[in-house]
Visitor: 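Quick one: this structure, given as structure tokens, is what I'll be asking you about.
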Amino acid sequence: VRRALMRVSLLISFFIFLLLGGTILIDQWIAGHASGRFILGTAFVTAGVCLALFAILAGIGAAISIAFSDEPSLPEQQ
């Protein structure tokens with residue numbers, strides 16, 4: 001369960017980066033009004049937002065995976 005939720009978190013973050021970064025960066029590049037530093041800074045900010053999104057989703061996934069643990073519980077010893 002944990003591995004699947006981490007993959008989902010990674011895929012969601014990656015596609016959000018492509019969606020946000022692709023439209024913003026291509027628009028800036030095509031318009032030609034932004035410098036290279038500004039475009040690079042925008043890419044870093046977008047990457048930071050997606051990294052934060054991944055951390056949030058991974059944390060939620062980790063909390064869910066604790067509830068649905070794949071590992072068998074150990075019997076209590078007396």
Visitor: Give, for atom CD1 of Ile39 and atom CZ of Phe44, the distance between the pair rounded to the nearest 0.5 Å.
Guide: 13.0 Å
Visitor: Can you tell me how far the OG1 atom of Thr46 sits from the CG atom of Leu19, to the nearest 0.5 Å?
Guide: 10.5 Å
Visitor: So which atom in Leu5 and which in Ser65 form the shortest heavy-atom distance, rounded to 0.1 Å?
Guide: CD1-N, 4.3 Å
Visitor: Taking all non-hydrogen atoms of both residues, which atom of Ser9 and which atom of Ala58 are closest, and how far apart?
Guide: OG-N, 3.5 Å
Visitor: To the nearest 0.5 angstrom, please state how far the CZ atom of Phe54 sits from the CD1 atom of Ile16.
Guide: 14.0 Å
Visitor: Applying a strict under-4.5 Å side-chain criterion to I, L, V, M, F, W and Y, I'd like to know whether Leu53 and Val8 cluster together.
Guide: yes
Visitor: Could you report the tightest heavy-atom contact between Ser13 and Cys50, atom names first, then the distance?
Guide: OG-O, 3.5 Å
Visitor: Working to the nearest 0.5 Å, report the span between CD1 of Ile26 and CD of Gln28.
Guide: 11.0 Å
Visitor: Is it true that a side-chain atom of Thr23 and a backbone atom of Leu20 form a donor plus acceptor pair closer than 3.5 Å?
Guide: yes
Visitor: Side-chain heavy atoms under 4.5 angstrom apart, residues restricted to Ile, Leu, Val, Met, Phe, Trp, Tyr: same cluster for Phe14 and Met6?
Guide: no
Visitor: In Å and rounded to the nearest 0.5 Å, what is the CG to CG distance from Leu40 to Leu25?
Guide: 9.5 Å
Visitor: Heavy-atom count around Leu18 CG within 6.0 Å, excluding the residue itself: above 12?
Guide: yes
